[in-house]
Structure formats: C-alpha cells, structure tokens
Amino acid sequence: QVQLVESGGGLVQPGGSLTLSCAASGFTSSSAVMSWYRQAPGKERELVASIGIRALNTNYGDSVKGRATISRDNAKNTVYLQMNSLKPEDTAVYYCYAVNRRIWGQGTQVTVSS
C-alpha cells in the first residue's frame, strides 16, 4: 500500500522544539520531492518546507524560515521536519506530501500553547 504516515506531533510550549517524521511505504521516497504543509483552523493549507530528491535543494515558507529544517534519510524512507522556537501561530495540522507521486499523509496535530 502506497502511503505516508506522519508522527511526532503533540502539545509543545512556546519556544519549544519538536521533530516530525514522515515514513513512506509502498514506494521509495528518495525518488520524490517531499514537502511538509500545514493547515490551521479556518486557514488555507500552506507550504512549510520542501526538499529535493538528492536533498541538495530545500525551500521554506516565510513564516518558518530560520526556525525549521527539513531533512531526509533515504535509507529509512523517511523525511523529517525539525522546528525550533515554536510560536502559538505554528499550531496546525502538519501534512507530509510526496510531490511527484501526489500522495498526502493523514496529518499530525501540533499545538503550541502554555
């Protein structure tokens, strides 16, 4: 079964950090450009970060630049998103997306609150 499964979300205090994981199955994620998106209640889904096939190119949304790092471990078929200095406005459901395959994960909730 071709799918993406995100994990690592949860409740984090403002200023804290977390790392999200996106495990691919049924296909080799190293063959795909991978992205993280997020969607907050009442807002449109927005790009958080993306990473090229060979991990040479990364791209970040303006709202997370300097606070987020996307990486990939092709041996584990997994993509990661590390976020630091979290703010309440980072609260959203975070989705993994295999661009070339047009496959979305089910999402993982991140809540930043004291």
Side-chain angles (χ1 to χ4, degrees):
Q1 182 178 4
V2 176
Q3 64 177 358
L4 298 170
V5 179
E6 300 97 332
S7 61
L11 176 63
V12 184
Q13 290 190 342
S17 301
L18 58 69
T19 299
L20 304 179
S21 300
C22 170
S25 59
F27 73 102
T28 303
S29 64
S30 60
S31 66
V33 175
M34 300 294 294
S35 296
W36 284 95
Y37 282 78
R38 69 184 183 185
Q39 188 167 20
K43 295 187 177 182
E44 294 186 355
R45 192 169 295 191
E46 65 170 344
L47 175 70
V48 178
S50 62
I51 186 166
I53 292 174
R54 296 183 177 85
L56 297 177
N57 299 315
T58 57
N59 182 47
Y60 296 93
D62 289 340
S63 59
V64 301
K65 279 183 180 176
R67 300 189 296 121
T69 302
I70 187 170
S71 61
R72 63 194 310 161
D73 185 337
N74 291 335
K76 295 183 178 180
N77 222 21
T78 300
V79 177
Y80 304 95
L81 179 69
Q82 180 180 358
M83 294 193 64
N84 303 313
S85 302
L86 284 162
K87 307 174 183 179
E89 50 264 45
D90 293 318
T91 295
V93 178
Y94 284 70
Y95 298 92
C96 183
Y97 180 52
V99 178
N100 310 59
R101 293 274 188 152
R102 299 184 180 181
I103 300 170
W104 288 95
Q106 84 289 352
T108 185
Q109 175 71 46
V110 173
T111 302
V112 183
S113 175
S114 56

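When a residue number appears, it is its place in the shown sequence, counting from 1. Heavy atoms only: backbone and side chains are in, while hydrogens, waters and symmetry mates are out. All figures in this text were calculated on a predicted structure; none of them were measured in a lab.
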Joint hydrophobic cluster, Tyr37 plus Val93, side-chain heavy atoms closer than 4.5 Å: yes
As a test of understanding, state which of Trp36, Tyr94, Tyr97 forms a ring pair (Phe, Tyr, Trp, His ring centres under 6.0 Å) with Trp104. Tyr97
Ser113 meets the side chain to side chain contact (heavy atoms under 4.5 Å, CB included) criterion, sequence neighbours left out, with Leu11, Thr111
Minimum heavy-atom distance between Leu81 and Ala49, given as atom pair plus value: CD1-CB, 4.1 Å
Identify the heavy atoms of Thr91 and Val112 that sit nearest to each other, and give their distance. OG1-N, 2.9 Å
Non-hydrogen atoms of Ala92 and Ala40 that approach each other most closely: CB-N, 3.8 Å
Return yes if some donor-acceptor pair links the side-chain N/O of Thr108 with the main-chain N/O of Ser7 below 3.5 Å, else return no. no
Using the rule that Ile, Leu, Val, Met, Phe, Trp and Tyr join whenever any side-chain heavy atoms are under 4.5 Å apart, tell me whether Tyr80 and Tyr95 fall into a single cluster. no
Going by side-chain hydrogen bond (donor to acceptor under 3.5 Å, both in side chains), name the pairs with one or both residues in residues 52-65, residues two or more places apart or in two chains. Arg38-Ser63, Asp62-Lys65
Kindly say whether Gly66 contributes a backbone atom to a donor-acceptor pair with the side chain of Asn84 at under 3.5 angstrom? no
Could you tell me if the side chain of Met83 sits less than 4.5 Å from the side chain of Val12, heavy atoms only? no
Is any side-chain heavy atom of Ser25 closer than 4.5 Å to a side-chain heavy atom of Val5? no
Is there a donor-acceptor pair under 3.5 Å between the side chain of Glu6 and the backbone N or O of Cys96? yes
Taking atom CD of Glu89 as the centre, does the number of heavy atoms from other residues, nucleotides or ligands within less than 6.0 Å exceed 12? yes
Judged by atom type as modelled, is there a donor-acceptor pair below 3.5 Å linking the side chain of Ser85 to the main-chain atoms of Arg67? no
Test side chain to side chain contact (heavy atoms under 4.5 Å, CB included), reference Met34, set Leu4, Val99, Ile53, output is Leu4
pair Leu86-Leu18: side-chain heavy atoms closer than 4.5 Å: yes
N/O donor-acceptor pair under 3.5 Å between Asn100 side chain and Val33 backbone: yes
Closest non-hydrogen atoms of Gly9 and Val110, given as atom of the first, atom of the second and distance, are CA-CG2, 4.1 Å
